[in-house]
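Structure record follows, encoded as structure tokens.
Values in this document were obtained by computation on a predicted structure and should not be read as measured data.
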Amino acid sequence: MQEIHAQPAMTVAANPAHSNRIFPWVEFFAGVFGFHGVGLMLAGKPTRGLIWLVLSLVKHLIGAGLLVVTAGIAIACLLPLDIGLSIFLALTVARIQRHAQHAALTPAAQ
């Protein structure tokens with residue numbers, strides 16, 4: 001009798017290099033909507049991500065007060081700040097992933 005050996009399918013879970021490419025984008029778009037740190041949590045940095053999330057919510061509370069006091073003019077500062085933080089944190093998530101991928105591909109030193 002002839003044995004049949006199934007080849008494992010190339011899935012997202014089987015190829016970790018492709019499984020988390022979306023995390024920087026999640027961080028960027030969540031950050032644009034005011035929830036910084038979500039991508040960091042997904043990328044395996046839950047403490048750092050939670051700190052960013054709490055700080056972004058505090059920033060929104062302060063920003064809401066500034067919007068009321070300045071009759072909406074503060075949006076000219078708050079919106080670029082959110083976009084800049086989103087870009088910074090998305091690049092940080094991408095850097096974390098590159099380091100993790102490089103460490104996984106590098107043979108362990110003996």
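The aromatic rings of Phe28 and Trp25 sit perpendicular to each other, their planes meeting at more than 60°, with 30° as the lower class boundary.
Here Arg98 contributes atom CZ and Gln101 contributes atom CD; the two are 9.5 Å apart, rounded to the nearest 0.5 Å.
When hydrophobic clusters are built by joining Ile, Leu, Val, Met, Phe, Trp and Tyr residues whose side-chain heavy atoms come closer than 4.5 Å, directly or via intermediates, Phe35 is not grouped with Ile51. At a threshold of 4.5 Å between side-chain heavy atoms, the hydrophobic network of Ile, Leu, Val, Met, Phe, Trp and Tyr places Leu55 and Leu91 in two separate groups.
A donor-acceptor pair under 3.5 Å links the side-chain atoms of Glu27 to the main chain of Leu40, judged by distance alone.
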Anything under 3.5 Å between a donor and an acceptor, one on a side chain of residues 79-90, the other on a protein residue two or more places apart or in another chain? List them.
residue, atom, partner, partner atom, Å
Asp82, OD1, His36, NE2, 3.2
Asp82, OD1, Lys59, NZ, 2.9
Ser86, OG, Gly31, O, 3.3
Ser86, OG, Val32, N, 3.1
Ser86, OG, Asp82, O, 2.7

With a cut-off of 3.5 Å and sequence neighbours excluded, list every side-chain donor-acceptor pair involving residues 63-78.
residue, atom, partner, partner atom, Å
Thr70, OG1, Leu66, O, 2.7
Thr70, OG1, Ala74, N, 3.1

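Thr92 has its side chain within reach of Ile96: a pair of non-hydrogen atoms, C-beta onward, lies under 4.5 Å apart.
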